[in-house]
Each structure stands twice: as C-alpha cells, then as structure tokens.
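Notes follow the structure.
As the structure is a computational prediction, the values presented were derived from the model and not from experiment. Below, read A as the first sequence line, B as the second, and so on, with proteins coming before strands; counting in each chain starts at 1.
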2 protein chains.
Amino acid sequence: MSKRETSYAMIERAPFFQAAGAAAMAELLRPSFTQLLPKGTVLFEQGEDPEFLHLLLEGSVGLQAKGEGGGTTVVEIFGAGEVFLTPAVILRLPYLASAVALTEIRVLMIPAEHFRDNLQRSFELSRACNELLSRHWRLMVDQVVDLKLNSVEVRVGRFLARRISEEAGAGCASLPEPRSAIAARLGMTPETLSRTLAALESSGRLRRTPGGPTVSDRSALLGRPDAPRGRQRAACPR
Amino acid sequence: MSKRETSYAMIERAPFFQAAGAAAMAELLRPSFTQLLPKGTVLFEQGEDPEFLHLLLEGSVGLQAKGEGGGTTVVEIFGAGEVFLTPAVILRLPYLASAVALTEIRVLMIPAEHFRDNLQRSFELSRACNELLSRHWRLMVDQVVDLKLNSVEVRVGRFLARRISEEAGAGCASLPEPRSAIAARLGMTPETLSRTLAALESSGRLRRTPGGPTVSDRSALLGRPDAPRGRQRAACPR
DNA sequence: CCGTCTCATTGACCTGGATCAAGACGTACC
DNA sequence: GGTACGTCTTGATCCAGGTCAATGAGACGG
C-alpha cells in the first residue's frame, strides 16, 4: 500500500498513461500491484502466455530471445517509464522473448486479462495503445537499420548518445546493466564492446569515470567516425 | 471504377479489413482508390509526411531506409494483402523509410487524414490497428533476432522457407523482386546472396528453374545447416 | 541480328569483428 | 586480510562475409 503510494507519481508520469487518460489509468491500476525485484529475476519466459502487462518504474529489463540455433540475444532494453510486451498481451500469443531484470527493478504488474478487458471497453486506451505500438515499431525499424548498415563503432556511439540524451542531467550517462547485455542488444560480443569503448575513450570522444558504473560524456560520439562504410544500397530498380 | 470492382475481392479478403469489420471497411474505402504502378515507382520518400495509408493488392514493395552514414537497406518487403506504414500515419510523423515498388504493383490508397478520422471514430478499426501493429512489431523482433544470431545461410534458408509456406501451391516460390532488394532485406550483399543460393542448390536443399524468376523447392531449408554458431549469449546476471 | 544496358553470377582477395585464451579488477564471504 | 568467484578488459588468431573486378545472360531498340 505504502509502496503503491510512493510509486504513484512515477506511474502517472509514464507517457503511456498520459495518453490513456486518467480514467483508464485508474481502472487499470485497480487490480494491479508493484513489485521490487532483484537483478537477474526473470519476469517471464519466451514461449509462455502473458499473464501481466508490465510497466517498468525503476531499473532496466532486457528482452532476451533465443534463436532456433541455440544462441541468445537481447532484442531491446527497456528503461523506467516504459510499458512492454503489449503485442503478446494483445494478441494472446506466447511471448517471443523472455524478460530479465538487468538491474534491480520496480515494476507495475497489470493483469493481462484485465488489460484486455479494458482495451475492449476504453476507446481512449485503445488509442493510447496504437501510439505505443507505433512508437515501438519505429524503435525496431531503427535498430534493424542500425544493425544492417552501421559499424560496431557507430552503433556503440549511437547507443551512448541516446543514453546521454535520455539522462536528465547533461552530457553524462551511466550503464548500470551488465556489459554482456548491452553488447547483445547492440549485436556484438562483450569483448568487442569493451574494445570499442576503449577505442572511443582513447580517441577522446568518451570519458569514463571509474567510480560508479561506466560514465560517459559529450555527444561528439555521433561525429563521422572514420570511413563511411556500408554497401547494400538496395534496389533502385528500373 | 471497373478497376475498383476487380480489386474488391482482394480488398475484402485482406486480413486487416477482416479484423476491422465491414462497416469500417466501407467507410475507409469511400474516398480511396487503387493505382497500378510500374516497378521502380516510389510511393513515398523517407522524411515526407504521410498522405496515404497503403494496402498492397498485388506485387511487392520494399521499405527502403537510408542510414545517416549514406548507406541504404531494405527494412521489410511487403506482399499482397498487407497494409503498411500505419505507424507514421497514426503518429503524424514523417516516414522513417521510403517505399519502392519492387515489382509492378496494384495498391489501394487510403487518404491518411480520412484514415485518422475513422480511427478516432471507429473502435473496431482501432482494435484492428492494435492487432496489425502488434503483428508488425513481432515481425521486426523476429528480424532483429535473425540478424543478430543467424548466419547468412540460415537467413536465406528461413527467408525462402517463409516464401514457400506463403505461396498457395506447395513447396515452391518465386522471387520476383530484384536480388539486390532481397539481399538488402536479409542484411547482406547481392554477391553473398547469389553465392548462398548457389551453395544451397549444390547441396541439394534447393532447386532452381531457369524459366521464370528463381524458383525453389522443399522446406528442408530449415534443417541444421552446419555448425550452430553464435556467441552473444546475453546477460544471465546474478 | 547485333550493340548496349542492366542485373545476376562467379572468382580472388581482404578485413571487421568473432573466437579462444589469459589477465585484471572488484566484491563478497569467511 | 585472504581467497574465491564473476565480470570486465586485453591480446592473439581466425574466418564469414564484404569488397573489387571480370564475366555471363536476358531484355530492348534499332
């Protein structure tokens, strides 16, 4: 109860609820509850049927997918304020990926069935979902483009730059999640990430403070790194 | 007029309209029209504001994105029956990618503003959109996983297998779109695609008929190719 | 029937990033 | 304090797939 109270400000500040409106929010919140979970907790496993819709209040979680070939990647890393896995909840289809807490987290858990009911009932909520899903689709498109035509160095730079701009305070971000998760999200190995970070640092585009977790600086990370790179100019048929 | 008539069966068979219901469909169709366009036509350019929502009736179109680094890829290839670029239309945001006709196409053009109006009015339509967007998000997740942890050979195999299962007739598909577009969609160069196709053929997993465009056979394409491959097992923290 | 143009294929080579294998820190627990 | 474990970093090597370059094969137009 008191826990719910302390989270309340965060909950109502979440963009998704802003869009959904106060009424829908209140109704969604009624049977929901928050949980404080340690790093490493698995919120749900790939292949399971969704029982909850999650709104992350604090910390970050990774969407981890197993390919048929046995490997594992991180499809996306969600931060505080994000609602995730709406698609599986909406379609009543098993999750395409597992969700793992990459740091200690606080999540709001909204029962999936209740969410679906409200989605049938509240036009407002339905519209908010349209927007949420649209934004999420675009994020994935962006990632695909990034993977297909940027080098490791550029991808790392973009990732850091985004983190920095998200952080409230200026020109500085921390990477609380394990390196292996970040590397996987960026489609590379932890070794390569480490080396790339080192390279960015020694070329002066990044400064790391040893105190807390890795911290970075300035957004000159996006400056033309070296060579343009990239074939794969596609189809300009006719 | 007659053109619209001949397309009608296709339109109403489209999964999106099935979900949206007859009333919403009729209303959406009122100010819409179809166009027959030659291969190579650009439906819209990355960065433009959406004026139409498109439903592809025949042929295929590629979503082509320019990365900041000058390169170009194909994010996705849509086939007959697909509605695309809802996100940009819904969010009233500029397109993230251009759309190019990879073959001759027939498209239904639904004015964007009219679509948005209906989305505000019809709950049914809004729900259909949620489903559509959810499915599209999952497609992108699948592609990201594919890119991150499957080898070129596996990606080509999966692509062909999907094409084959989509094709009505059994165990056989044609690839009418230019090689360069397919290669870009799969995140590789045309050369590599060509080589991989050749390798699949000589290992007996694929048969190509020289007559029409490339044609393939049987779905043993998904069998374990060679070695498992893939690091990037992510974060199993704590 | 013959240039020409574009696109697919093939060949030879090279390189970015993966892999394999030690070290270097912390951090936690005894 | 010590030692043991997990994560991060660094170094050396290898190879999948990209790059560059040449050749083949339809599709037109004259």
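Applying the 4.0 Å criterion to OP1 and OP2 of D:dG18, one finds that B:T192 has a side-chain N or O inside that range. Contact check, A:R195 against C:dG17: no side-chain N or O comes under 4.0 Å of OP1 or OP2. For C:dA18, one of the phosphate oxygens OP1 or OP2 lies less than 4.0 angstrom from a side-chain nitrogen or oxygen of A:T189. For D:dC8, neither phosphate oxygen OP1 nor OP2 lies less than 4.0 angstrom from any side-chain nitrogen or oxygen of A:R208. In this model, the phosphate group of C:dT9 is approached by a side-chain N or O of B:S194 to a distance below 4.0 Å at OP1 or OP2.
Counting to the nearest Å, the C1' atom of D:dT9 and the CD1 atom of A:I182 are 15 Å from each other. If you measure from atom CZ of A:R155 to atom P of C:dG16, you get 13 Å, rounded to the nearest angstrom. Rounded to whole angstrom, the span from the CZ atom of B:R179 across to the P atom of D:dG26 amounts to 13 Å. A straight line from CG of B:L193 to P of C:dT10 spans 12 Å, rounded to a whole angstrom. Atom CG in A:L175 sits roughly 13 Å away from atom C1' in D:dC8 (whole-Å rounding). Here the P atom of nucleotide D:dG6 and the NZ atom of A:K39 are 13 Å apart, to the nearest Å. Here the C1' atom of nucleotide C:dC7 and the CD atom of B:E191 are 11 Å apart, to the nearest Å. Distance B:E177 CD to C:dC7 C1': 15 Å, rounded to the nearest Å.
Rounding to the nearest 0.5 angstrom, the gap separating the CG atom in A:L91 from the OG1 atom in A:T86 is 10.0 Å. Atom CD of residue A:Q64 and atom CD1 of residue A:I77 lie 10.5 Å apart, to the nearest 0.5 angstrom.
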Q: Give the C-alpha distance, both sets of side-chain angles, the deciding distance and a yes or no for side-chain contact (heavy atoms from CB on, under 4.5 Å) between B:F78 and B:H136.
A: CA-CA 11 Å; B:F78 293 109; B:H136 279 190; 4.0 Å; yes

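Salt bridge absent: B:D142 and B:R162 never bring a charged side-chain N and a carboxylate O closer than 4.0 Å.
Note that the two end axes of the helix from C:dC1-D:dG30 to C:dA22-D:dT9 enclose an angle of 40°, each drawn from 5 base pairs, rounded to 10 degrees.
For B:H54, the ring pair (Phe, Tyr, Trp, His ring centres under 6.0 Å) partners two or more places apart in sequence, or in a different chain, are B:F44, B:F84. Scored by the salt bridge (charged side-chain N to carboxylate O under 4.0 Å, His left out) test, B:E76 finds B:R185 as partners (sequence neighbours excluded).
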Throw together a table of side-chain donor-acceptor distances under 3.5 angstrom for residues 95-104 of chain B, partners on residues two or more places apart or in other chains.
| unit_1 | atom_1 | unit_2 | atom_2 | d |
| --- | --- | --- | --- | --- |
| B:Y95 | OH | B:F52 | O | 3.2 |
| B:S98 | OG | B:Q46 | N | 2.9 |
| B:T103 | OG1 | B:S60 | N | 3.0 |

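Counting only heavy atoms from C-beta outward, the side chains of A:L147 and A:R155 approach each other to under 4.5 Å.
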Every protein N/O lying under 3.5 Å from an N/O of nucleotides 23-25 of chain C:
none

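The list of salt bridge (charged side-chain N to carboxylate O under 4.0 Å, His left out) pairs with a residue in residues 41-65 of chain B, not counting sequence neighbours, reads B:E58-B:R106.
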